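The next block holds one structure in the form of structure tokens; read it before the comments.
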Amino acid sequence: MSFFKRIFSSEKKESLDKGLEKTKTTFFSKLTKAVAGKSKVDDEVLDNLEEILVASDVGVDTTLKIIKRIEKRVSEDKYLGTDELNQILREEIAALLSETNTGNDSEFEIPKDKKPYVIMVVGVNGVGKTTTIGKLAYQFNKAGYKVVLGAADTFRAAAIDQLQIWADRVGIPIVKQQMGSDPASVAFDTLKSALTQNADVVIIDTAGRLHNKVNLMNELTKVKRVMQKVVEDAPHDVMLVLDGSTGQNAFEQAKQFTAATEVTSLAVTKLDGTAKGGVVIGISDQFQIPVKYIGVGEGIEDLQVFNKFEFVDSFFK
Ligand SMILES: Nc1nc2c(ncn2[C@@H]2O[C@H](COP(=O)(O)OP(=O)(O)OP(=O)(O)O)[C@@H](O)[C@H]2O)c(=O)[nH]1
Ligand SMILES: [Mg+2]
């Protein structure tokens, strides 16, 4: 690993640690209470631990898997001290998550064989789609890729303006039309323009709110179909953005969205300032779709490539 890479990783780790602070503090103060006056991990400690994990939005299914693993450790080790619980939790959760072989890249990278590589960003309103696109465009641009944005959320004028602000901030082109115009037509224009400009990456913003859910899904399908007239295998990535601060709601949204439309990656935002960061552990365990990015703030730098081991490490430190 190069010297610079090490510097960047340690910076990344610091901001992750900071982003997860609230989740961690809440979790550990509960854990400390649960083991107070106890020296050994017994059934009562395990019961409490189960409750705490569920309350941290890890989700019931994933929590049960974790508890089972700890129980196994307890029965193997016979005497497991509560002072070791933290370390053991970290090990077992990391081991659990490593069983799903997804989402462990460490850089903002796109596949070399797709040009332009087309990312369509979806999710319900307010979860952080546009912000995530801005941050992602910034990282791709910094990495030397030529990025073009497409303002296919034509439902609100403000949505187009917001994406324009991000494009200006990053210094990259945006393709847009009037508010109310056909999103599929915007996506079509964006891909055409990207081809002309020989762009590497296209990121398409979409509306989170339409008159109803069926309309929204139909529209996404149409956007996809029309894009394929320009780039046959587009979109290469359908990224669902989830608001991590809504905890189990984010989980539900992921379930509903993935059932209604094809989703190939996840981004979980707003992990800063929430105690519900455990939801990322549950989401990575329960979905076959990789969590690619996590949002840890509103700033342009506050997006990270999700690495489950770094995440668990930050969580249980
Ligand atoms: N604290 C924090 N705020 C975030 C993060 N990501 C997005 N936000 C904020 O969440 C709010 C909504 O973000 P948008 O990007 O507008 O969400 P959207 O999904 O595009 O919303 P619609 O266009 O209405 O569907 C904004 O105030 C963002 O600054 C994050 O990681 N952390
Ligand atoms: Mg938006």
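No experiment lies behind these values; they were computed from the predicted model shown. One-based numbering, in listed order, for ligands and for the atoms of each.
- Of all the atoms in ligand 1, the ones that sit under 4.0 Å from a non-hydrogen atom of Arg156 are 22 (P), 23 (O), 24 (O).
- Among all protein heavy atoms, the one lying closest to atom 32 (N) of ligand 1 is Asp272 OD1, 2.8 Å.
- Within a radius of less than 2.8 Å around the Mg ion (ligand 2), the protein N, O or S atoms are Thr130 OG1.
- Using a 4.0 angstrom heavy-atom cutoff, Gly273 does not count as in contact with ligand 1.
- The protein heavy atom nearest to atom 25 (O) of ligand 1 is Lys129 NZ, 2.8 Å.
- When all heavy atoms of Asp302 and Glu298 are compared, the pair lying nearest together is OD2-N, 3.4 Å.
- For Thr131, heavy-atom contacts with ligand 1 shorter than 4.0 Å involve the backbone as well as the side chain.
- No heavy atom of Ala159 sits closer than 4.0 Å to any atom of ligand 1.
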Subject >> Verdict with reasoning, Glu310 to Ser314, per side-chain hydrogen bond (donor to acceptor under 3.5 Å, both in side chains) >> reply: CA-CA 6 Å; Glu310 264 175 16; Ser314 279; over 6 Å; no

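- In this structure, the side chains of Val305 and Lys292 stay at 4.5 Å or more apart for every pair of heavy atoms.
- Across Val241, Thr269, Val268, Leu136, a single residue satisfies side-chain contact (heavy atoms from CB on, under 4.5 Å) together with Tyr293, and that is Leu136.
- Here the closest heavy-atom approach between residue Thr206 and residue Val122 is recorded as OG1-CA, 3.6 Å.
- Note: no N/O pair closer than 3.5 Å links Leu271 and ligand 1 by distance alone.
- Only side-chain heavy atoms of Asp153 come within less than 4.0 Å of ligand 1; its backbone N, CA, C and O stay farther off.
- In summary, the atoms of ligand 1 found under 4.0 Å from a heavy atom of Val296, numbered by their order in the structure, are 31 (O).
- Near Gly295, meaning under 4.0 Å from any of its heavy atoms, are these atoms of ligand 1: 31 (O).
- Atom 30 (C) of ligand 1 has its closest protein heavy atom at Gly297 O, 3.1 Å.
- Two residues are said to be in side-chain contact when any heavy atoms from C-beta on lie closer than 4.5 Å; Leu96 and Arg69 meet this criterion.
- The side-chain heavy atoms of Val312 and Leu97, taken from C-beta on, include a pair separated by under 4.5 Å.
- Considering both main-chain and side-chain atoms, Thr132 never comes within under 3.5 Å of ligand 1 through any nitrogen or oxygen pair.
- Heavy atoms only, all atoms of each residue included: Gly150 and Val186 are closest at C-CG1, 4.5 Å.
- For the pair Leu242/Gln253, a side-chain contact is recorded, criterion being any heavy-atom separation below 4.5 Å from C-beta on.
- Residues passing the side-chain hydrogen bond (donor to acceptor under 3.5 Å, both in side chains) test with Ser15, sequence neighbours excluded: Gln304.
- Counting only heavy atoms from C-beta outward, the side chains of Asn215 and Glu219 never approach each other to under 4.5 Å.
- Within the set Gly126, Gly128, Gly134, the minimum heavy-atom distance to atom 21 (O) of ligand 1 is found for Gly126.
- Remark: minimum distance from atom 8 (N) of ligand 1 to any protein heavy atom is reached at Lys270 CE, 3.8 Å.
- At a 4.0 Å heavy-atom cut-off, ligand 1 touches Lys135 through the side chain alone.
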Original post:
Could you walk me through whether Phe287 and Phe251 pass the ring-ring contact (aromatic ring centres under 6.0 Å, His included) check?
Top reply: CA-CA 10 Å; Phe287 290 91; Phe251 209 91; 5.3 Å; yes

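- Glu298 OE2, 3.8 Å is the protein heavy atom nearest to atom 9 (C) of ligand 1.
- At a cut-off of 3.5 Å, with distance as the only test, a side-chain donor of Tyr138 or Glu301 sits close to an acceptor on the other residue.
- Residue contacts with ligand 1: Asp302 is placed with no nitrogen or oxygen under 3.5 Å of a nitrogen or oxygen of the ligand (distance criterion only).
- Atoms of ligand 1 lying under 4.0 Å from at least one heavy atom of Gln162, given by number and element, are 14 (P), 15 (O), 16 (O).
- Side-chain atoms of Asp168 and Gln164, non-hydrogen and from C-beta on, do get closer than 4.5 Å to each other.
- Annotation for Lys40: atom NZ counts as buried by contact number, over 12 foreign heavy atoms lying within 6.0 Å.
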